[in-house]
Amino acid sequence: MNGERPVVVEEGAAPKSAPSLGWQEISAELAELFASIKLAMFLFIVLAMTATIGTVIQQGERPDVYIKEYGEEAYRWFLRLGFTDVYHTWWFTSLLTLLCINSLTCFYKRFPAIWRSMQQDKVNIGLPFIKGMKHRAEVPVAGSKERVAEGIVQWLAERGYRVLAKNEAGEATLYATKGIMGRVGAHMAHLSATVIVLGGLIGSYYGFQEFGVCLEGQTYHIPKGKFDLRIDKFWIDYHENGAVKSYNSTLTVIDQGAPVTTKTITVNDPLVYKGIWFYQSSYGDAWDRVEIARLNIKEKGTDKVVGTVDLEWQKEVSLDKLGLKLAVTDFVADFGFNSTDKKVYSKTVEHANPAVRLTITEQPRVKATPVQAAPWIFYHYPDLFEIQGSRYRFELVGYQPKKFTGLQITKDPGVNIVWIGSTMIVVGITLSSFIYHRRLWAKVIPTGAGVTVHIGGNTHKSQIDFQKEFRKLTERIKTINTQIGQEASG
Amino acid sequence: MLRSLFLFDMTFWLYLAALGLYVGYVLARRPNMQLAPAGHPSGPMEGESGWATQIGQVATIVTIFGWVVNTMALLTRAYERMQISGTFAPWSNQFEAMAYVSWAIILGYVLLELRYRIKAIGAFVVGIGFIAMGAASLLPYRYQTAEPLVPALNSYWIYIHVSVTLTSYAAFAMAGGLGLMYLLKERAERRGSTSSVLAAFPDLETIDELGYKAIMVGFPLLAFGIILGAMWANYAWGGYWSWDPKETWSLIVWLIYGAYIHARMTRGWEGRRAAIYAVFGFLMVVFCFWGVNFLLSGLHAYA
Ligand code: HEM
């Protein structure tokens with residue numbers, strides 16, 4: 001077989017006295033190991049098996065999630081083995097690295113032979129070589145050596161074979177080959193694994209991925225891009241049946257103080273500026289502000305509703321009849337109170353215990369200084385606090401939270417390398433799947449009356465198709481003389 | 001009621017009929033030993049009784065007709081989707097995906113039959129296509145309708161990514177069916193059985209080779225499908241790979257077949273072992289396609 005050559009010993013190297021375990025032996029052994037298909041199969045299978053772990057155990061969750069589901073002891077083992085983030089453990093990445101080394105070694109060891117065979121002639125073979133082939137035939141034909149050889153060459157050339165011929169005194173030898181691109185494709189696939197991994201590495205070292213919760217009308221600084229991003233608008237489109245059809249944000253990039261570009265992004269259609277991609281990734285209800293809040297105003301004495309107001313966020317409204325000026329100045333979705341610094345905050349982003357802060361200025365009936373208050377009004381607990389000195393009670397009967405738009409902000413300088421690798425893998429595998437490498441040898445040897453054609457061939461796969469082709473070739477050779485005769489007379 | 005559902009139903013019954021006919025063909029195709037002159041070279045049509053030939057022809061016709069109805073069902077569904085939500089891909093939920101896979105399996109089978117003229121394979125491969133269609137029909141009605149797509153799926157990527165991936169599944173299904181056939185015939189031969197049924201099967205080497213070919217079609221398609229998925233993810237979510245269960249599982253399946261194609265190059269990995277492996281690989285495909293959607297959670301769990 002090709003590719004098996006004696007080990008090249010460097011010219012100047014001193015002859016080694018004993019078969020010691022020197023560097024050369026070790027490196028030869030290593031090269032052997034890394035070029036072996038067995039290792040490749042092992043890596044494919046082990047990678048497949050270990051990759052399942054992360055699909056069964058949720059990845060990157062908080063500790064309590066695992067403890068609740070699997071228990072503490074199991075969680076400790078998960079941490080030790082890296083099961084909560086399998087794909088970034090040292091052992092998983094090592095397997096991937098080994099696969100790259102493996103396929104590169106394979107390329108290094110085998111591709112040169114393919115390259116050579118694309119250029120070199122393989123005509124110098126003996127008869128026993130042909131007789132040892134998997135597909136072989138012996139066909140006696142009438143006719144001269146040159147004529148028959150020419151006929152075969154023509155037939156093969158018509159079928160896209162590259163043919164080399166050698167005419168010698170006692171025999172003519174032919175070598176024909178087709179489909180070497182299939183093997184080149186395989187090796188293209190071998191290189192691609194490393195290219196993809198490289199692209200991934202570049203992305204993880206020089207790229208970033210962040211998530212931004214952004215509100216309409218705000219401008220955010222993007223420090224990694226040294227520019228600003230303004231959220232002009234956010235809205236949701238619905239299907240007729242009420243299902244969400246798409247959600248969209250209109251974004252404006254402001255670079256050095258001046259708006260540069262505006263684009264409406266939606267799911268599947270990001271904005272790209274200076275290599276940074278802004279994706280419409282999610283949306284939700286803001287937990288710290290509302291669009292509008294509706295309040296009932298009740299008279300303390302009679303408990304009668306004397307008015308209902310819709311208050312826009314931080315906009316004061318005057319109700320002259322009641323002598324009131326009202327404004328919603330703050331909101332929390334899940335009321336929490338920090339007693340050390342006396343601050344109200346939202347415990348979670350869920351709207352579990354929503355409350356608005358109402359800033360009230362009330363003019364009493366008799367001329368006096370107005371009553372000023374800023375109580376928290378709870379949606380679920382309407383009667384929690386009483387406002388001292390006021391004639392009214394306020395009830396929060398509803399509100400419309402402001403929507404935030406969730407933007408995924410990423411930069412990945414390795415992504416194009418990944419696409420190059422991907423193209424190589426797809427093109428490479430496709431070539432190797434659909435084009436198969438075929439080689440044929442023939443010797444035309446004159447015998448008493450005519451000639452005997454010895455043909456043999458091999459392919460590394462698709463035996464059935466090759467067999468068919470081989471049979472056709474043999475048939476053709478049998479009739480070669482009559483055809484040549486016809487052509488000559490016709 | 002969607003009109004396409006009627007056509008999908010009809011496809012189901014036609015495939016069932018085709019499967020029955022292929023099985024009938026295999027059973028009817030006894031080698032008529034007593035009629036064959038001794039020492040006569042056996043051609044491919046050896047012992048084919050008149051019955052078998054006719055059943056075989058009807059089987060092929062019914063299969064092709066079923067496939068045409070399947071095609072019409074998918075087209076009708078595409079039209080209905082267009083009416084409802086403005087996208088047409090008739091493989092946007094589990095039901096449609098199954099129907100598409102059986103369409104692709106049957107198409108592959110018909111091409112194979114026309115090219116190699118081996119009908120007995122139909123008893124296995126049409127069987128798998130039928131099972132795919134049948135499993136789809138068993139899904140609850142709410143899975144079978146054409147609900148509008150969630151925004152993340154509403155993209156032209158779905159046309160190409162999903163169809164390419166599903167086509168690769170079909171190729172692997174074909175390989176799995178051929179593997180099963182190989183194992184049956186091989187077992188019977190090992191036991192020295194001269195059962196008439198097996199005589200209709202092509203020889204082991206051919207089954208082996210065709211199974212390998214099917215995998216060689218599926219392997220690049222799956223690679224392409226995975227990469228298209230990565231491109232879509234990069235466009236929709238801002239990362240081409242997030243180790244979501246579905247994409248991880250399709251990678252697992254791809255790695256399993258990667259091991260297979262390399263194993264073929266080493267000695268001893270043809271025939272029986274390869275057949276077992278092809279069946280195993282197909283089971284993994286089934287898990288990737290069904291199991292992941294119903295058992296594991298992730299970005300693809302909507303289907
Ligand atoms: C990294 C992922 C890999 C991919 C996508 C890949 C893909 C392929 C493909 C598609 C073929 C052609 C198969 C055929 O013609 O039937 C092939 C052949 C081959 N692969 Fe790989 N392979 C990979 C890794 C490896 C590794 C790690 C080795 C290590 C030894 C290896 C060794 C071989 C050999 C020796 C061949 C035959 C090449 C030839 O025909 O000259 N492969 N590979």
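None of these values were measured; they are calculated from a predicted model. Chain identifiers are assigned alphabetically (A, B, ...) following the order of the sequence lines, protein sequences preceding nucleic acid strands; residue numbering begins at 1 within each chain.
A/Thr423 does not touch chain B: none of its heavy atoms, backbone or side chain, sits under 4.5 Å away. Interface residue B/Tyr116: only side-chain heavy atoms are found under 4.5 Å from chain A. Heavy atoms closer than 4.5 Å to chain B are found nowhere in A/Lys38, neither backbone nor side chain. Residue contact with chain B, scored on non-hydrogen atoms closer than 4.5 Å, is absent for A/Ser281. For chain B, the nearby parts of A/Ser433 are the backbone and the side chain; heavy atoms of each come within less than 4.5 Å. If you measure heavy-atom distances from A/Leu47 to chain B, the contacts under 4.5 Å come from both the backbone and the side chain. For chain A, the nearby parts of B/Val217 are the backbone and the side chain; heavy atoms of each come within less than 4.5 Å. Looking at A/Val418, only its side chain comes within 4.5 Å of chain B, counting heavy atoms on both sides. Of the atoms belonging to B/Met284, not a single heavy atom falls under 4.5 Å from chain A.
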Query raised in the report: Run the side-chain contact (heavy atoms from CB on, under 4.5 Å) check on A/Ile429 and B/Phe219 step by step: do they pass?
Result: CA-CA 8 Å; A/Ile429 302 180; B/Phe219 190 63; 3.4 Å; yes

Query raised in the report: Where do B/Phe224 and A/Ile425 land on the side-chain contact (heavy atoms from CB on, under 4.5 Å) test, with the steps shown first?
Result: CA-CA 8 Å; B/Phe224 192 37; A/Ile425 207 165; over 6 Å; no

Requested in this report: May I have the step-by-step check of side-chain contact (heavy atoms from CB on, under 4.5 Å) for A/Gln59 and B/Trp243, ending in yes or no?
Outcome: CA-CA 9 Å; A/Gln59 301 288 290; B/Trp243 294 104; over 6 Å; no

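Around the CD atom of A/Glu32, the shell of radius 6.0 Å holds no more than 12 heavy atoms that belong to other residues, nucleotides or ligands. Shown here is A/Lys68, whose NZ atom has no more than 12 heavy atoms of other residues, nucleotides or ligands within 6.0 Å. Within 6.0 Å of atom OH in B/Tyr79, 12 or fewer heavy atoms from other residues, nucleotides or ligands are found, so the atom counts as exposed in its surroundings.
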Which pairs would a plain distance check flag for residues 93-102 of chain A, meaning a side-chain donor or acceptor within less than 3.5 Å of a matching protein atom at least two apart in sequence or in another chain?
unit_1	atom_1	unit_2	atom_2	d
A/Thr93	OG1	A/Thr89	O	2.8
A/Thr93	OG1	A/Trp90	O	3.1
A/Ser94	OG	A/Trp90	O	2.5
A/Thr97	OG1	A/Thr93	O	2.6
A/Asn102	OD1	A/Ala40	N	3.1
A/Asn102	ND2	A/Phe34	O	2.3

Could you list the donor-acceptor pairs under 3.5 angstrom formed between side-chain atoms of residues 199-214 of chain A and any protein atom two or more places apart in sequence or on another chain?
unit_1	atom_1	unit_2	atom_2	d
A/Ser204	OG	A/Gly200	O	3.4
A/Ser204	OG	A/Leu201	O	3.0
A/Gln209	NE2	B/Gly238	O	2.6
A/Glu210	OE2	A/Lys224	NZ	2.8

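The minimum heavy-atom distance linking B/Arg115 with A/Lys468 is given by the pair O-NZ, 4.4 Å. For the pair B/Ile256 and A/Ala48, the tightest heavy-atom approach, listed with the atom from each and the gap, is CG1-CB, 4.2 Å.
Of the inter-residue distances, the one linking B/Arg264 atom CZ with A/Ile37 atom CD1 reads 13.0 Å to the nearest 0.5 angstrom. Distance check: B/Leu255 CG to A/Ile45 CD1 gives 8.0 Å after rounding to the nearest 0.5 Å. Here A/Cys106 contributes atom SG and B/His262 contributes atom NE2; the two are 6.5 Å apart, rounded to the nearest 0.5 Å.
Here the rule is side chain to side chain contact (heavy atoms under 4.5 Å, CB included) with A/Ser422, and of B/Ile227, B/Leu228, B/Ile226 only B/Ile227 fits it.
Taking the ring centroids of B/Trp241 and A/Tyr87, they lie at or beyond the 6.0 Å cut-off.
You'll find the side chain of B/Pro220 reaches within 4.5 Å of the side chain of A/Phe434, heavy atoms only. Put simply, the side chain of B/Tyr240 reaches to within 4.5 Å of the side chain of A/Val415, judged on heavy atoms.
Formation of a donor-acceptor pair under 3.5 Å by the A/Tyr279 side chain with backbone atoms of B/Asn234 is found in this model. Looking at B/Thr248, its side chain never comes within 3.5 Å of a backbone N or O of A/Thr55 through a donor-acceptor pair.
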